Number of protein chains: 2
Amino acid sequence: MASATIRDVAREAQVSVASVSRVLNGSDNVRPEMRERVEAASRRLGYTPHAGARSLSLSRAHAIGVMLPDLHGEFFSEFVRGMDREAAKAGLQLLLSNMHADAGQAVEALKTMRGRVDGLIVMAPDIDPALLFSHLPQSLPAILVSSDCEGSAHPQIQVDNMGAAEVIVDHLVASGYRNIVHISGPAGNREAVAREHGYREAVRRHGLSPRVIQGDFSEEAGTAAASEILRNRDGADAVFAANDMMAVGALVVFRDAGVAVGGEMGLAGFDDVPLARLISPSLTTMRVDIAGIGARALTMIAAIVNGDTAPDSEPLRPELIIRQTTKAGK
Amino acid sequence: MASATIRDVAREAQVSVASVSRVLNGSDNVRPEMRERVEAASRRLGYTPHAGARSLSLSRAHAIGVMLPDLHGEFFSEFVRGMDREAAKAGLQLLLSNMHADAGQAVEALKTMRGRVDGLIVMAPDIDPALLFSHLPQSLPAILVSSDCEGSAHPQIQVDNMGAAEVIVDHLVASGYRNIVHISGPAGNREAVAREHGYREAVRRHGLSPRVIQGDFSEEAGTAAASEILRNRDGADAVFAANDMMAVGALVVFRDAGVAVGGEMGLAGFDDVPLARLISPSLTTMRVDIAGIGARALTMIAAIVNGDTAPDSEPLRPELIIRQTTKAGK
DNA sequence: CTGTTAGCGCATTCAA
DNA sequence: TTGAATGCGCTAACAG
């Protein structure tokens, strides 16, 4: 049996559909008696407006589309939680779409959102936003999250990855380490590139020499990199991994090899996933307020959709979380 | 500037809107030449169909609504990943809604999905499904995930929480432990109740006596419970926590107190979160294929929406992951 | 094979 | 204050 429509309610309440619409949308120019009648009828029929029809008529879907890369764990859940919190406040729904594989599919996914959402939140560290949006209805407002890309036409929420990487290298140097190896994120990932950039900059500033092992944000990459470091025994005394998962992979290798992490060997990650605190020894890292990013992204797109001028926010600065201290013997 | 509509495309290609619709929906009865013309025009205008209008006309939204409780970390991301994987295959979008606080809000959230989605996947371990669905358009197909509740009118994806709890208690007993304490999940949570049920059943079967400390799935609850156990020193030689996070909380307390976890003190969790493997000593636990549950949920609701008879699946059986072994001295 | 048209459910003008 | 009528963008039934 099909759901009740506004017409069913109108018939049940013996009024016109226009009146039903007025009552349900809180127009003030309705007599209390009619309001009563309509509300009763609506309740009796268990009426709920059809969002599709509503969106067609209002040109407003009251929903925001979200396009994310393949995120894992807390990163994903916290980001969505932050958005959801604000979305609930603003009376907006969240339409989620994971980005698979190539840019072509991503564009397709974005397209299916037209007429379904009022705005887009896009996190696409691996894809050129220009390409992504070139095929898009330009009438759909969109914002980019943490893309570290210059000169986009779309507003962005930035995270200061480069500055944060410098902070952590500075900390390692201050702790007495001099031969700091960087395990990088996937090539082409803009966040990873920014972090490597910061690493190189800080190392240069301290008059040290950079050394980068290519990684890909996976625990296995950390494992591999650490094994390589142990194999070479080339004087490396600290590792800065571009994210926590790689740092954890490295940590396990060092631990198993009897290398004192936090003493003989410095180690730092990036993200402050929960695991960073719970693993032992726990991990020095940069904390990113992921839920906060999500919340800001939603607030911003909601403002744009409402025609308010979007307050273009300054970059979010991650916070240094120190859990290991100085190099032994220093 | 508003997006191009099907009419704009029709005008641009000098054909009728019906033809445009036919071309774009892959009807076979169109001359290649016209197909060509329409596709060109569509491309030129960057046309994308309006999902709202489409849904209105087709009575199909090509989207599935998902209502989740406040999930964290891998649990959330894996579940969504599983659904998303199948959704992409089936050409469906995912409309996500976190369940906040009380049942009333949940019902409201469900209502706003009408006309927006073709079916619902609901995970609500803390809310009575009957209540949830009583206010719902009965025309909206819905399935319940892991609700461990009998006699619902809606199809369900079940996880055999009770059986799994028995398995893990059996394992602890087989490892030589006799005095097994259970840290339970939140009262009123059906999954938690099922696990406690299994614990009690297995303990009874082995002729041992049950002892339950009330928890709430949080790490802190595990911490508190373990502290209590240490304080009392009442002969408890093993702990089965209703989830991994509580087990981790307990583990840290035991570790800090110098209690040999896995030897002197048995410990087991439930879920197999990534942390369970990485923490040291790593955790014996039950692995639940969370992505698999999500995938099955989506496959099932998709089948129902398509009018296929839903293959009512049998309960998913978690897998025992042994990472600690026998009681020392046995 | 193609065009015309009705109608999906709703909000909203315009009249009354 | 209320009702009748129009249109939002699209698909499908019907005619040609």
Side-chain angles (χ1 to χ4, degrees), chain A residues 1-38 41-42 45-62 111-118 137 139-140, chain B residues 1-39 41-42 45-63 111-118 137 139-140:
Chain A
M1 172 189 65
S3 300
T5 75
I6 195 172
R7 274 229 269 280
D8 299 325
V9 178
R11 196 178 317 120
E12 175 85 10
Q14 315 251 41
V15 298
S16 73
V17 291
S19 298
V20 176
S21 175
R22 277 190 279 261
V23 168
L24 267 39
N25 292 301
S27 271
D28 44 356
N29 48 348
V30 283
R31 265 196 321 216
E33 180 216 316
M34 156 165 292
R35 174 176 301 281
E36 195 86 9
R37 268 233 309 283
V38 169
S42 168
L45 267 50
Y47 170 70
T48 311
H50 186 288
R54 210 138 187 288
S55 121
L56 193 55
S57 182
L58 288 172
S59 315
R60 283 286 244 108
H62 295 286
K111 280 194 173 179
T112 66
M113 291 200 174
R114 130 116 165 134
R116 215 184 269 275
V117 302
D118 302 322
S139 55
L140 235 196
Chain B
M1 172 190 66
S3 300
T5 75
I6 196 173
R7 274 230 268 282
D8 300 326
V9 177
R11 195 178 319 121
E12 175 85 10
Q14 315 252 42
V15 299
S16 74
V17 290
S19 297
V20 176
S21 176
R22 275 190 280 261
V23 168
L24 266 39
N25 292 303
S27 270
D28 43 356
N29 47 349
V30 284
R31 262 197 323 212
E33 182 215 317
M34 155 167 295
R35 174 175 301 280
E36 194 86 9
R37 268 232 308 284
V38 169
E39 278 169 351
S42 167
L45 267 49
Y47 170 69
T48 312
H50 186 289
R54 209 138 185 285
S55 121
L56 193 54
S57 181
L58 287 171
S59 315
R60 285 287 244 106
H62 296 286
K111 280 193 173 179
T112 66
M113 290 198 175
R114 130 114 164 133
R116 218 184 267 277
V117 302
D118 302 321
S139 54
L140 236 195

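Residue numbers begin at 1 in each chain, while the letters A, B, ... track the order of the sequences. Not measured: the values here are computed from a predicted model.
In the helix from C:dC1-D:dG16 to C:dA16-D:dT1, the terminal helix axes, each the rotation mapping four pairs' C1' atoms onto the next four within five end pairs, subtend 50°, rounded to 10°.
Look at CD on A:E33: it is 13 Å from P on D:dT1, rounded to the nearest Å. Going from atom CZ of B:R11 over to atom P of C:dT4 covers 14 Å, rounded to whole Å. The separation between B:R37 atom CZ and C:dG3 atom C1' is 13 Å, rounded to whole Å. In this entry the distance linking CG of A:N29 with P of C:dA11 reads 14 Å, nearest Å. In this structure, A:H62 places its NE2 atom 12 Å from C1' of C:dC10, rounding to the nearest Å. Between B:D28 atom CG and C:dC1 atom P the separation is 8 Å, expressed in whole Å.
Side chains of B:H50 and A:S55 form a contact here, defined as non-hydrogen atoms less than 4.5 Å apart. Using a 4.5 Å heavy-atom threshold, the side chains of A:R54 and A:N25 count as touching. B:V20 is not listed as a side-chain neighbour of B:S42, based on a closest heavy-atom distance of 4.5 Å or more.
Interatomic distance, OG of B:S16 versus CE of B:M34, reported as 6.5 Å (0.5 Å rounding). Remark: A:R114 CZ to A:L140 CG distance equals 8.5 Å, nearest 0.5 Å.
Counting only heavy atoms from C-beta on, A:V15 has its side chain closest to D:dG3 among D:dT2, C:dT2, D:dG3.
With B:R116 contributing its side chain and A:A51 its backbone, the two residues share no donor-acceptor pair below 3.5 Å. The backbone N or O of B:R7 sits less than 3.5 Å from a side-chain atom of B:T5, completing a donor-acceptor pair.
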Does A:S21 form a side chain to side chain contact (heavy atoms under 4.5 Å, CB included) with A:I6? I'd like the steps, not just the answer.
CA-CA 8 Å; A:S21 175; A:I6 195 172; 3.9 Å; yes
What string of B, S and - do you get for nucleotides 6-16 of chain D 5' to 3' if you count protein non-hydrogen atoms under 4.0 Å?
-BBBBBB----
